[in-house]
Amino acid sequence: IWSIELKDLSTWLTNTSSDGGANQSNYKTIREKYVSFIYFSYKSHAGVDNISKEEILKRINSNRLLLLLDGYDEIINNQVNQQNPGLLEKMKKAAEEMIKEFDHVITTSRPNAPREGGLVSANDNELLFTKMIENIGFDKEGRAEYINRYPFNNKVEGKQELINFIEYNKEIQNMCRVPLNVEILCYLWQEPGAREKLQSNFTTTTLYSLIEDKMNKWYEERVKTNYNEEEYQKLIQFISEIAFEGLKRGEIRGIKEKSI
């Protein structure tokens, strides 16, 4: 299985290096061209050059490679490259050509891309995929199965308590359709005192406060050896203000670890 980020098409399509850009004119086939993109994307993210284009092509031709093209919605709905409007169409065309060229392809996308015509080829009105599966989150049985598979420290008793807790709290059931939220609850359920607080008087405020405390403790373990208590509290306040400003503006904000 080879995971490729489709947003890398933006860089690859404008790359003219001898390393394998899309503008090279010596590609004999469409397959050879997009093997170059797979190689380019892998090398960009892995930072290593431990496989050749020839080896990638060999695996594809022998039906031994499943391509996982991640982020199809970023191609269909991309508005980043407004300074280069022709690039967006080239990205869409490249994604289409890859999906049609390779035999074994899975593409991930947010739901809005297929609904806006992303399932159909722009040129010949041909369906790009043979099947679409929509992940609508956990149902009751899926949620229980996930919890039972989670590596709890307190074993079976804690797992069943958490399953019952979610079952009897409608306020949290919709939240627990999202796998990440179930994992967060499993994580908190093992924290001393957290389970009791959630069971005695559950509110979303209680839940978010427990998550904040847990993340602070985790961060404290990483950095507090370099800070005294006063400096540490100032740091937490600084990070909180950045996060709050991002929330007000609808932006994801962060700071590089080097700058701390």
Side-chain angles (χ1 to χ4, degrees), residues 1-15 20-22 27 29-81 87-139 141-143 145-146 149-150 176-183:
I1 300 175
W2 205 297
S3 178
I4 301 295
E5 295 189 24
L6 283 172
K7 65 182 180 181
D8 290 341
L9 281 169
S10 175
T11 307
W12 179 72
L13 285 165
T14 55
N15 177 34
Y27 297 121
T29 63
I30 289 179
R31 178 162 293 202
E32 185 181 328
K33 178 180 179 180
Y34 290 111
V35 163
S36 177
F37 168 65
I38 294 169
Y39 172 78
F40 171 85
S41 179
Y42 171 74
K43 187 175 179 182
S44 298
H45 291 281
V48 293
D49 190 7
N50 58 2
I51 192 168
S52 65
K53 298 175 194 176
E54 291 74 21
E55 178 62 24
I56 296 172
L57 182 60
K58 181 180 177 181
R59 293 188 187 185
I60 290 174
N61 289 339
S62 63
N63 286 327
R64 291 176 52 219
L65 189 65
L66 171 64
L67 284 179
L68 177 61
L69 303 180
D70 186 34
Y72 189 61
D73 54 295
E74 297 185 45
I75 302 298
I76 298 299
N77 304 310
N78 190 300
Q79 297 178 353
V80 175
N81 300 292
L87 181 58
L88 178 56
E89 290 306 313
K90 289 180 181 178
M91 291 170 71
K92 290 180 180 179
K93 180 182 177 182
E96 277 188 23
E97 288 181 339
M98 269 193 294
I99 292 166
K100 293 165 84 172
E101 174 64 24
F102 298 118
D103 297 322
H104 306 295
V105 179
I106 294 176
T107 305
T108 65
S109 173
R110 289 186 175 88
N112 57 330
R115 289 169 186 161
E116 292 175 10
L119 287 176
V120 179
S121 171
N123 296 326
D124 50 22
N125 208 36
E126 178 186 353
L127 283 173
L128 293 175
F129 306 101
T130 56
K131 183 180 291 185
M132 183 176 73
I133 299 173
E134 185 173 0
N135 182 358
I136 59 173
F138 281 147
D139 59 10
E141 290 74 21
R143 187 172 62 226
E145 182 179 354
Y146 182 92
R149 288 175 178 268
Y150 192 87
C176 287
R177 294 186 71 87
V178 180
L180 178 60
N181 291 339
V182 179
E183 181 170 1

* Asked: What's the verdict on side-chain contact (heavy atoms from CB on, under 4.5 Å) for Leu67 and His104, showing C-alpha distance, side-chain angles and the deciding distance?
  -> CA-CA 6 Å; Leu67 284 179; His104 306 295; over 6 Å; no

[X] side-chain N/O to [Y] backbone N/O, donor-acceptor pair under 3.5 Å:
| X | Y | value |
| --- | --- | --- |
| Arg31 | Glu101 | yes |
| Ser36 | Glu32 | no |
| Ser62 | Lys58 | yes |

Flag the pair [X] / [Y] as yes when at least one side-chain heavy-atom distance between them is below 4.5 Å, and no otherwise.
| X | Y | answer |
| --- | --- | --- |
| Pro179 | Phe138 | yes |
| Leu6 | Met98 | yes |
| Thr107 | Val105 | yes |
| Ile51 | Arg59 | yes |

What distance separates [X] [atom1] from [Y] [atom2], expressed to the nearest 0.5 Å?
| X | Y | atom1 | atom2 | answer |
| --- | --- | --- | --- | --- |
| Leu69 | Ile106 | CG | CD1 | 9.5 Å |
| Leu9 | Phe40 | CG | CZ | 9.5 Å |
| Ile38 | Ser3 | CD1 | OG | 11.0 Å |
| Ile56 | Asn61 | CD1 | CG | 12.0 Å |
| Lys43 | Lys53 | NZ | NZ | 8.5 Å |

* Given the rule in the side-chain contact (heavy atoms from CB on, under 4.5 Å) test, do Phe37 and Ile4 qualify, once you have shown the distances and angles that lead to the verdict? -> CA-CA 9 Å; Phe37 168 65; Ile4 301 295; 3.4 Å; yes

For the student: nearest non-hydrogen atoms of [X] and [Y], plus distance:
| X | Y | value |
| --- | --- | --- |
| Ser41 | Glu5 | OG-N, 3.9 Å |
| Ser109 | Tyr72 | CB-CB, 3.8 Å |
| Leu87 | Ser10 | CD2-OG, 3.7 Å |

* To do: Would you please test Trp2 and Leu66 for side-chain contact (heavy atoms from CB on, under 4.5 Å) and show each step?
  => CA-CA 6 Å; Trp2 205 297; Leu66 171 64; over 6 Å; no

* Mind checking what makes ring pair (Phe, Tyr, Trp, His ring centres under 6.0 Å) contact with Phe102, not counting sequence neighbours? ->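 Testing Phe102 for ring pair (Phe, Tyr, Trp, His ring centres under 6.0 Å), a comparison that skips the adjacent residues, returns none.
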
* **Residues that Asp70 engages under side-chain hydrogen bond (donor to acceptor under 3.5 Å, both in side chains), provided they are two or more places apart** =>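 Result, side-chain hydrogen bond (donor to acceptor under 3.5 Å, both in side chains) vs Asp70: Thr108.
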
* List the steps and the verdict of side-chain contact (heavy atoms from CB on, under 4.5 Å) for Ser44 and Thr11. => CA-CA 10 Å; Ser44 298; Thr11 307; over 6 Å; no

* Asked: Pick one: which of Ile60, Ile1, Leu57 meets side chain to side chain contact (heavy atoms under 4.5 Å, CB included) with Leu65?
  ->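 Exactly one pass, corresponding to Ile60.
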
* To do: Take Glu183 and Tyr150 through the test side chain to side chain donor-acceptor pair (under 3.5 Å) and record every step on the way to the result.
  => CA-CA 8 Å; Glu183 181 170 1; Tyr150 192 87; 4.9 Å; no

* In sequence, state the C-alpha distance, the side-chain angles, and the governing distance for Glu145 and Arg149, and then conclude on salt bridge (charged side-chain N to carboxylate O under 4.0 Å, His left out). => CA-CA 6 Å; Glu145 182 179 354; Arg149 288 175 178 268; 3.2 Å; yes

* Asked: How far apart are the C-alpha atoms of Trp12 and Tyr39, what are their side-chain angles, what is the distance that settles it, and do they pass the ring pair (Phe, Tyr, Trp, His ring centres under 6.0 Å) test?
  -> CA-CA 10 Å; Trp12 179 72; Tyr39 172 78; over 10 Å; no

